[in-house]
Student: 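Sharing a structure with you now.
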There are 4 protein chains.
Amino acid sequence: MEEREDKLYFNSDYLAGCHEKILNRLYETNLIKAPGYGTDSFTLSAKKKVLEACGLTEGDVYFLVGGTQTNDTVISTILRPYEGVIAADTAHIATHEAGIIEVHGHKVLTLPHIEGKIYPAQIREYMVHFHADGNNAHMVQPRLVYLSQPTEFGTLYSLEELEDIRDICNEYKLSLYIDGARLAYALACPKNDVSLSDLARLCDVFYIGGTKCGALFGEAVVIPQKGNFSFSPTIIKQHGALLAKGKALGVQFDTLFTDDLYFQIGEHGIKMAEKIRSGLKEKGYPFAIGSPTNQIFILMKKEDVERIQDRVELTHWDNPDETHSIMRICTGWATTEEDVKKLLMIL
Amino acid sequence: MEEREDKLYFNSDYLAGCHEKILNRLYETNLIKAPGYGTDSFTLSAKKKVLEACGLTEGDVYFLVGGTQTNDTVISTILRPYEGVIAADTAHIATHEAGIIEVHGHKVLTLPHIEGKIYPAQIREYMVHFHADGNNAHMVQPRLVYLSQPTEFGTLYSLEELEDIRDICNEYKLSLYIDGARLAYALACPKNDVSLSDLARLCDVFYIGGTKCGALFGEAVVIPQKGNFSFSPTIIKQHGALLAKGKALGVQFDTLFTDDLYFQIGEHGIKMAEKIRSGLKEKGYPFAIGSPTNQIFILMKKEDVERIQDRVELTHWDNPDETHSIMRICTGWATTEEDVKKLLMIL
Amino acid sequence: MEEREDKLYFNSDYLAGCHEKILNRLYETNLIKAPGYGTDSFTLSAKKKVLEACGLTEGDVYFLVGGTQTNDTVISTILRPYEGVIAADTAHIATHEAGIIEVHGHKVLTLPHIEGKIYPAQIREYMVHFHADGNNAHMVQPRLVYLSQPTEFGTLYSLEELEDIRDICNEYKLSLYIDGARLAYALACPKNDVSLSDLARLCDVFYIGGTKCGALFGEAVVIPQKGNFSFSPTIIKQHGALLAKGKALGVQFDTLFTDDLYFQIGEHGIKMAEKIRSGLKEKGYPFAIGSPTNQIFILMKKEDVERIQDRVELTHWDNPDETHSIMRICTGWATTEEDVKKLLMIL
Amino acid sequence: MEEREDKLYFNSDYLAGCHEKILNRLYETNLIKAPGYGTDSFTLSAKKKVLEACGLTEGDVYFLVGGTQTNDTVISTILRPYEGVIAADTAHIATHEAGIIEVHGHKVLTLPHIEGKIYPAQIREYMVHFHADGNNAHMVQPRLVYLSQPTEFGTLYSLEELEDIRDICNEYKLSLYIDGARLAYALACPKNDVSLSDLARLCDVFYIGGTKCGALFGEAVVIPQKGNFSFSPTIIKQHGALLAKGKALGVQFDTLFTDDLYFQIGEHGIKMAEKIRSGLKEKGYPFAIGSPTNQIFILMKKEDVERIQDRVELTHWDNPDETHSIMRICTGWATTEEDVKKLLMIL
């Protein structure tokens, strides 16, 4: 598929390469010879900065390449073979990872989503029901809750919701893992009240997304309590997720967490999204999903979709009825004000 | 582990970042918005160039991130659950992949290596023995032969050996897969008589290594006969190996296969290795393994190892006896003539 | 849990050992030395009889030990790693097999059940939706439909429903597998219009349940078209399902399919169930599920459940509200008229 | 394969059904309705008797159906995904289980056998070598030692050898698991000095074989320290190894461990083997393997193998050279003195 210079691309947040500062730093450090597999000094520096940004004095950080392998490696590490992970039926691990969780032996126990979220009451009900089931010895044992922040639908968990979910996890001895593929945009969203420190406090493990938030590739898995579970280079290697040239990940995250670059990237993406939302509101486009982050879902008539498709690339999200489509607009670190203006003129 | 500027690093061929041309091209294309997962125009261009370099008019190419996940994804695609892969007991898949082949359900059927290689006669004997075994219905069925070119010991298969192995594979209905993690150096080696076209002709699938041969990361899986087996984005995704920002891989391989850069990288690495070998010969260092490629294995007295360890980083390979070590010296695209001179002065 | 002689047990259909004829035949053949793993003459004879009962002149039959391992072995044989099996959310494979499908790498794609069944329209809708999904390359590919006849809720698929499902499977290139754990009771049910020949005609593979239908243990997997997929002793062995003393399975199924014993067992179980249903109707017990086979589900007030629990063992099925329970009554080959009378006096 | 009444069968120890006492007891208890999955009173009684026979006051016992699924379930329970099991290259799990260990994600780390055994020094050397390997973070971590008593070659470990292996396991934090598929014959062998109590004392888990030692089917997994690892009905179910009609296993093992039946079965098998060995010695047949238990391996000229094959069924074991075969003779609970005499007349 040929990319065209005259076309606007708002179809995802991983279209371009990486933030300029990262590319520069990769350039500067290119010929420095460093040991592999995450033992180099850039990686160690990045780990310290990430822990600091999370308000942690101890703990561990591992850098993997992409979200799918990260989810798989973390989940495979936590779960025994007969254990499963509770998640929304729209969770990335339940839908768009081609069964990577299952191919490593585990079941995803899905709950019906509400705009991409699952609620404390749902999780509690599931656990009560499970424990009351006389056959539960023959069932996959729930052991982990998987949430995304923001969710696949761009929505956010509030601090109160996460604290309630944490309480339920404690009560039922479940671990809590949060997928932060788009975390920068969550953190920068005015409606958000969950900080990195909160995530560090409430989760057993979470990851800070790089690929969609300014890095060329990479995700940072944060384990607040160092010995909590046996995440190690060995299991990361076994999942094909241990990058030989670990320095490449170290340099990127070291840059992202120097001078608040990660947060600025999030703020820029949100700022662009806000402009688009305002413009769309004025034009009278209904929002199909109440997402406040960098994914915007609008209801469009099919003829409008056709009308713009030659000039704007959006992602088709759903067909709510015969005459409408729900389309998704993504912003990110690479979105320019100019492109936003053009988009609002076309829509 | 702090990298030191005054120290020489010859311990592996994935210490530095990537070839300058690749970094420049990543820079130039950084803000171009491209679709993900390998559907972008750079990837398509790279695929064409790779096929051309292999003398193929049809066939398919997929770009994955690293060698371990590549081996796993290819092997998992070819083998049914009860099928196994024949390999040397020193094969990467049998030793340093933390059981990624097994965690995806498959057994590695090892044969004793001779300087990292397995020979046609060994494979034939294994198959004869297997077919004669009255219990073979209860055994893992051999279905694939895995070789590395060069091997983990830096040694090379000759064209004749590969043709013989191909014949045996045809006779016993085995597929043949070659891991080319260091392929550039094999192709450039004067002693080599196996070209990319030969690999395309003889293998069911093979990969052209990028990570160790000038790329920042990446491996190119070549499937000479397009429909030969069901390699697809779905199974690559299921193995966590489908890079979202596929353009990053496309740009790198498009650059590597423009103006013969890949082959020049190989030639440089070999040239540096040759200089080192000559120098070591003069100094009277015995070679522990007959490797003609970019890995050099010398026998050193333990006191010499200690003597140099503060100034030169080599990889400890083995302890043949109480007083000696076998040490490995690696060259690659990033090795400078200056460093080679310094190395020869120290050793 | 001590079994009491004065208590009535109607909690499941695998409480007792096996039909007298089977025990006698095991006795008679006990000292005959036979080769193992299903190559003995009793197994061959049983295979012929089963094929004949299914109206098949060719095809293959394999005897495994239990339903859970049978489902796993069949499903693992059919599915590639990135493929999944469509089933009701109440399917045995989705609920009470402790994740055996997932531990072998596959995902169960559930559809909401209606009294334990899934309907042709639901399957069609799922496939239409899947094919329309722009992300389907990153999703588990549906490849197989799993049904139970009767279902876990005792309900039956009609011939028309199965033919419709077969058509949809053909259209979307899905295989169809039916779990017949309680098949004898389905075949004997007056409301049933699906014969063994129909199953042989419509399914790619199905199993005839032995464990719940008179055998001590054992299930017969029928593959109507011999080469349809690579089911073999090797893959059965790999799933720990290849009984060394194969003769034990051969003798049992040879007996079950001599002189229509299997069908008589089904008829007896249904006859006893009918008596119970009539009696319960008279007493005014509402049926919670419209099951016509050997599982009867009644709505009972919690105080009635307490009242009888010391004299009758039933299975608690569900809590529809605060004051009621749904209880399950099972009949089978071992149910006596006398026990039925006693049950109806107590309830 | 038609069994012939006029032919002698000494090819394996799982040819016939089961010991008469077991069949009688199955008869007597046939119509007793018992709960499933191992919760019935016969199973509880059998567990007590087995623990008692092992000299254990606490601990746990689980009954599974066959050896292959037992090995898989135990090993899968003990090992994390990146951990492997050390075993002889002739171990059942390394050869004749069609890769069941690998399909559940684990690697078998084989050591070269000496008449089917591996020695303490070999295990120690392996662990020393592993810990010295600079790459061991990228390797499968050894975590368990698997031995068979007797071995696949009929040989026995001495108490001293097992105690040494136990010491090494303690030193390197490895668990020890012993496969006792033919354990009755080991216990009865005059050369044996390892009792059930010794196994209970030295192993983390072991199984007492039923299938080859008088039962129709079944193996008893003994876990001397109850909480040692998370073996449970859930994980047994997940491996398709939890027999629904658990009473069938309970009755068998309850009978085997009443009035020393298990030990008598072993003694009978050994007694018959001794007669055969004496006879063969007199006739001048060389023994190919020094097995003292119920498997006898003799060196026969190929023409002798042909001469007898119409009247005696033995197992072909190996082809040591062009003119000889190694043949295996098995005795067991079902071997009669009469058949032994006939065998010795024919050979």
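First the proteins, then the strands, lettered A, B, ... as listed; each starts at 1.
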Student: If you look at every heavy atom in Q238(B) and G99(A), which pair is closest and at what distance?
Tutor: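 Reported closest heavy-atom pair: NE2-O, 3.2 Å.
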Student: To check you understand the geometry: which heavy-atom pair defines the closest contact between L23(A) and L26(B), and what is its length?
Tutor: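 It is CD2-O, 4.1 Å.
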Student: Under 3.5 Å, side chain of K245(B) to main-chain N/O of G17(A), donor-acceptor pair present?
Tutor: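 Side chain of K245(B) to backbone of G17(A): a pair is present.
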Student: Is there a donor-acceptor pair under 3.5 Å between the side chain of K33(A) and the backbone N or O of Y14(B)?
Tutor: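 No, K33(A) side chain to Y14(B) backbone: no donor-acceptor pair under 3.5 Å.
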Student: Within a radius of less than 6.0 Å around NZ of K48(B), do more than 12 heavy atoms belonging to other residues, nucleotides or ligands occur?
Tutor: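 Atom NZ in K48(B) is not crowded, with 12 or fewer foreign heavy atoms closer than 6.0 Å.
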Student: Aromatic ring centroids of H104(A) and H104(B) under 6.0 Å?
Tutor: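 Yes; H104(B) has its ring centre under 6.0 Å from that of H104(A).
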Student: Quick one: does any side-chain atom of N30(B) pair with a main-chain N or O of C18(A) as donor and acceptor, under 3.5 Å?
Tutor: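 Yes; judged by distance alone, with no hydrogens or angles, the pair exists.
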Student: Counting only non-hydrogen atoms closer than 4.5 Å, does A181(B) touch chain A with its backbone (N, CA, C, O), its side chain (CB onward), both, or neither?
Tutor: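 Contact with chain A involves no heavy atom of A181(B) at all.
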Student: I need the residue from L31(A), N71(A), L216(A) with the largest number of non-hydrogen atom pairs under 4.5 Å to chain B.
Tutor: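 Ranked by contacts with chain B, first place is L216(A).
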Student: Checking D13(B) against chain A: side chain, backbone, both or neither under 4.5 Å from a heavy atom?
Tutor: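 Neither the backbone nor the side chain of D13(B) comes within 4.5 Å of chain A.
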Student: For the candidates G36(A), A334(A), A244(A), which exhibits the highest count of non-hydrogen atom pairs separated by less than 4.5 Å from chain B?
Tutor: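 The option with the most such pairs is A244(A).
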Student: Using a cut-off of under 4.5 Å on heavy-atom pairs, state which of A34(B), G66(B), S12(B), G240(B) scores highest against chain A.
Tutor: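 If we count pairs closer than 4.5 Å to chain A, A34(B) comes out on top.
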Student: May I ask you to test the T68(B)-K237(A) pair for a side-chain heavy-atom distance under 4.5 Å?
Tutor: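 With C-beta onward as the side chain, the pair touches.
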Student: Only pairs of heavy atoms separated by less than 4.5 Å count here; which of T211(A), T234(A), D72(A) has the most with chain B?
Tutor: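 Among the listed options, the one with the most contacts to chain B is T211(A).
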Student: Does any heavy atom of chain A fall under 4.5 Å from the side chain of K247(B), the backbone, both, or neither of them?
Tutor: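 Contact with chain A: side chain only.
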Student: Sort F10(B) into side chain, backbone, both or neither according to what part of it lies under 4.5 angstrom from a heavy atom of chain A.
Tutor: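 The answer is neither part of F10(B).
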Student: Check whether more than 12 heavy atoms from other residues, nucleotides or ligands sit under 6.0 Å from atom CD of E28(A), and answer yes or no.
Tutor: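 Counting other residues, nucleotides and ligands, CD of E28(A) exceeds 12 neighbours.
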Student: Evaluate whether atom CG of D310(A) has more than 12 neighbouring non-hydrogen atoms of other residues, nucleotides or ligands under 6.0 angstrom away.
Tutor: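 At most 12 heavy atoms, drawn from other residues, nucleotides or ligands, come within 6.0 Å of this atom.
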Student: Crowded around K341(A) NZ? As in, over 12 foreign heavy atoms under 6.0 Å?
Tutor: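 Result for NZ/K341(A): open.
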Student: Identify which part of L243(A) has an atom lying under 4.5 Å from any heavy atom of chain B, answering side chain, backbone, both or neither.
Tutor: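 For L243(A), the contact with chain B is made by the side chain alone.
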